[in-house]
Amino acid sequence: NNNTASDSINVTLITKGSITGTVTDLITGLPLPSATVSVTDSSNVTQNTSTGSDGRYTINNVSSGAFSGSITKAGYTSYNFSGTMTPGQTTTINASLSPIPPTISNIAVSNITANSATITWTTDQSSDSLVEYGITTSYGSLTTDSTLTTNHNITLTGLAMGTTYHFKVTSKNNLNASSTSGDNTF
């Protein structure tokens, strides 16, 4: 009787893990599509992916050990992260990216007449224009222009002759990030 019994055992060794998450806009809380997620694992392998329309991403086959990465999107500050991957683990890394506000510069007052003045300034990003003004730093009046531009020009009218006015300028970009100047006078 020559019976041979044969058993086989398959062993799968899991040595890698995954990173998944959702990327959102810090101001609106809405998902950010097309953000770039980059991860470098302990084997010095870098993988990149983009977030979907729902802001979600997944990167598989991340070697166990230390990893680091970043999430970037034009117009937003980047988000850096790091951690340690264990075999078979799925690590969730969610990020809220902050829109980069415009930088205001070159504030000037020109064309001062008995009852009007023109306020000009520049920004490094296309953004709208708002001037708050008044006879104290409480301001009280404002003039706006919703046109997105880098060269801002607002004319204030109905001013009183011989009066010192305080003003500040604000510019907001298409991502709703805004910057405001300090107080100025004319």
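All values reported here derive from a predicted model rather than from experimental measurement.
Formation of a donor-acceptor pair under 3.5 Å by the Thr20 side chain with backbone atoms of Tyr57 is found in this model. Of the possible donor and acceptor atoms, one in the side chain of Asn173 sits under 3.5 Å from a partner among the backbone N and O of Ile100. Not one N or O on the side chain of Asn115 forms a donor-acceptor pair closer than 3.5 Å with the backbone of Ala160.
For the atom pair CD1 of Ile104 and OG of Ser179, the computed distance is 5.0 Å after rounding to the nearest 0.5 Å. To the nearest 0.5 angstrom, Gln47 atom CD is 6.0 Å from Asn61 atom CG. One finds the OG atom of Ser127 at 9.5 Å from the CG atom of Asn174 (value rounded to the nearest 0.5 Å). Atom CD1 in Ile93 sits 9.0 Å away from atom CD1 in Ile59 (nearest 0.5 Å).
Applying the ring pair (Phe, Tyr, Trp, His ring centres under 6.0 Å) rule to pairs touching residues 111-142 yields Trp121-His152, sequence neighbours excluded. The stretch residues 157-186 participates, sequence neighbours left out, in these ring pair (Phe, Tyr, Trp, His ring centres under 6.0 Å) pairs: Tyr165-Phe186, Phe167-Phe186.
Of the candidates Val109, Thr155, Asn153, Asn153 is the only one forming a side chain to side chain contact (heavy atoms under 4.5 Å, CB included) with Thr120. Residue Val169 is tested with Val131, Ile154, Asn184 for a side chain to side chain contact (heavy atoms under 4.5 Å, CB included); the sole match is Val131.
For CG of Asn44, the number of neighbouring non-hydrogen atoms (other residues, nucleotides, ligands) closer than 6.0 Å is 12 at most. Heavy-atom neighbours of Ile135 CD1 from other residues, nucleotides or ligands within 6.0 Å: at or below the threshold of 12.
By the side chain to side chain contact (heavy atoms under 4.5 Å, CB included) test, Ser34 is found to be paired with Lys73, residues two or more places apart in sequence or in another chain being considered.
Counted by atom type alone, Gln89 and Thr91 present one or more donor-acceptor pairs between their side chains at under 3.5 Å. Using modelled atom types, one finds a donor on one side chain and an acceptor on the other under 3.5 Å when comparing Thr180 with Thr170.
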